[in-house]
Amino acid sequence: MDWRDLSLGAELGRALPVPLLVDNDLRSSTTAELLFGMGSDHDDFLVLGIGVVLERRVQRGASGFSGEFGHLPVDPARPRCNCGNGGCLQALVGQTALLERARRAGVGLGSGDGLAELIDAAEGGERAVLTILEEAGELLGRSVAGVVNVLAIKAIKVIGESHVLWPFLGPAFTAATVAGTIEPLRDLEITVSPWRDTEHARGAACLLLARSEAITRP
């Protein structure tokens, strides 16, 4: 919406007769994982996107900008990202980028967002699509390996609407992540969760639970 410098929480707080919290969808989902998912077994983990949990705290960073993994600069000579910088990770492996690469390769994706057609092409063994997804998985894995090495993370959860591509991204991602991490961290736990449209709402509810309950391991 091209909004700038809008105190959304304060504006909504004046308009609505209830207490409220404002956060983004990934941190909401990460909070749900902390309370009811991966947090049952781990105090430190990543939710691919990236949501970061360290010592059972969801990291927000300065002004809430922690976790902007999609804007990791991986190749400044490559396509310009919507943030204005060149070669951000999401400009290379995001859903829009994958669809554009497939169309340039001559894969017919029809109308709409093309994701269903991309999956159909991959399932049908379309070599160009399989190569695109394998390369994307490898680049994503190498990038995640850097985060794993910096934070000494031992567990990663894959969620989100694009998890349907994971059968084609996952093998290259896992191989690249493990190969790129230092030896003591290579026994990574990588799990994938099916996505439901209710997950963001569940995450939003968990923000409130996290504020009202002590987050300790069961």
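For the ring pair (Phe, Tyr, Trp, His ring centres under 6.0 Å) test, no residue two or more places apart in sequence or in another chain qualifies with F45. Residues forming a side chain to side chain contact (heavy atoms under 4.5 Å, CB included) with T191 (at least two apart in sequence, or on another chain): M38, K157, E189. Listed by chain and number, the residues in a side-chain hydrogen bond (donor to acceptor under 3.5 Å, both in side chains) with R60 are D23 (sequence neighbours excluded). For R80, the side chain to side chain contact (heavy atoms under 4.5 Å, CB included) criterion is met by no residue, not counting sequence neighbours. Not a single salt bridge (charged side-chain N to carboxylate O under 4.0 Å, His left out) links R186 to another residue, sequence neighbours left out.
Under the 4.5 Å side-chain heavy-atom criterion for ILVMFWY residues, no single connected hydrophobic cluster contains both F65 and L72. Linking Ile, Leu, Val, Met, Phe, Trp and Tyr residues whenever their side-chain heavy atoms come within less than 4.5 Å leaves V147 and V178 in two separate clusters.
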Name each donor-acceptor pair under 3.5 Å that joins a side chain in residues 134-144 to protein atoms two or more places apart or in another chain, with its distance.
residue, atom, partner, partner atom, Å
E135, OE1, R101, NH1, 3.3
E135, OE1, R101, NH2, 2.8
E138, OE2, R142, NH1, 3.4
S143, OG, L139, O, 2.9

Identify all side-chain donor-acceptor contacts of residues 1-14 below 3.5 Å with residues at least two apart in sequence or on another chain.
residue, atom, partner, partner atom, Å
D2, OD1, R4, NH1, 3.3
D2, OD1, R4, NH2, 3.3
E11, OE2, R14, NH2, 2.7

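Side-chain contact check for Q59 versus T30: every heavy-atom pair is 4.5 Å or farther apart. Between I153 and L54, the closest side-chain pair of non-hydrogen atoms falls below 4.5 Å. Residues T31 and L209 fail the side-chain proximity criterion, which asks for heavy atoms closer than 4.5 Å. In this structure the side chain of F173 reaches within 4.5 angstrom of the side chain of I190, judged on heavy atoms. By the 4.5 Å heavy-atom criterion applied to side chains, I159 and L48 are not counted as neighbours. Side-chain contact between K154 and D44 is absent, with no heavy atoms from C-beta onward closer than 4.5 Å. Side-chain contact between L118 and I132 is absent, with no heavy atoms from C-beta onward closer than 4.5 Å.
Smallest separation of non-hydrogen atoms from G87 and L92: O-CD1, 4.2 Å. Between A32 and G203 the shortest heavy-atom distance is CB-CA, 4.1 Å. The minimum heavy-atom distance between A97 and A91, with the atom names listed, is CB-O, 3.3 Å. Closest of all the heavy-atom pairs between S28 and A204 is CB-N, 3.9 Å. Between L130 and A122, the shortest heavy-atom contact is CD2-O, 3.6 Å.
The list of salt bridge (charged side-chain N to carboxylate O under 4.0 Å, His left out) pairs with a residue in residues 63-75, not counting sequence neighbours, reads D75-R78. The salt bridge (charged side-chain N to carboxylate O under 4.0 Å, His left out) contacts involving residues 199-208 comprise R196-E199, E199-R202, where partners must be two or more places apart or lie in separate chains. For residues 118-129, no pair satisfies side chain to side chain donor-acceptor pair (under 3.5 Å), with sequence neighbours left out.
Rounding to the nearest 0.5 angstrom, the gap separating the CZ atom in R57 from the CG atom in D43 is 12.0 Å. Atom CD in Q95 sits 4.5 Å away from atom CG in L115 (nearest 0.5 Å). Put simply, NE2 on H42 and CZ on R56 are 11.0 Å apart, with the number rounded to the nearest 0.5 Å. Atom-to-atom distance recorded for T177:OG1 and L185:CG is 12.0 Å, nearest 0.5 angstrom.
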message: What verdict does the side-chain contact (heavy atoms from CB on, under 4.5 Å) test give for V52 and L46, after you've listed the backbone C-alpha separation in whole Å, the side-chain angles of each residue and the deciding distance to 0.1 Å?
response: CA-CA 5 Å; V52 180; L46 301 178; 3.9 Å; yes
Steps toward side-chain contact (heavy atoms from CB on, under 4.5 Å) verdict (L98, L165): CA-CA 11 Å; L98 296 178; L165 293 173; 4.1 Å; yes
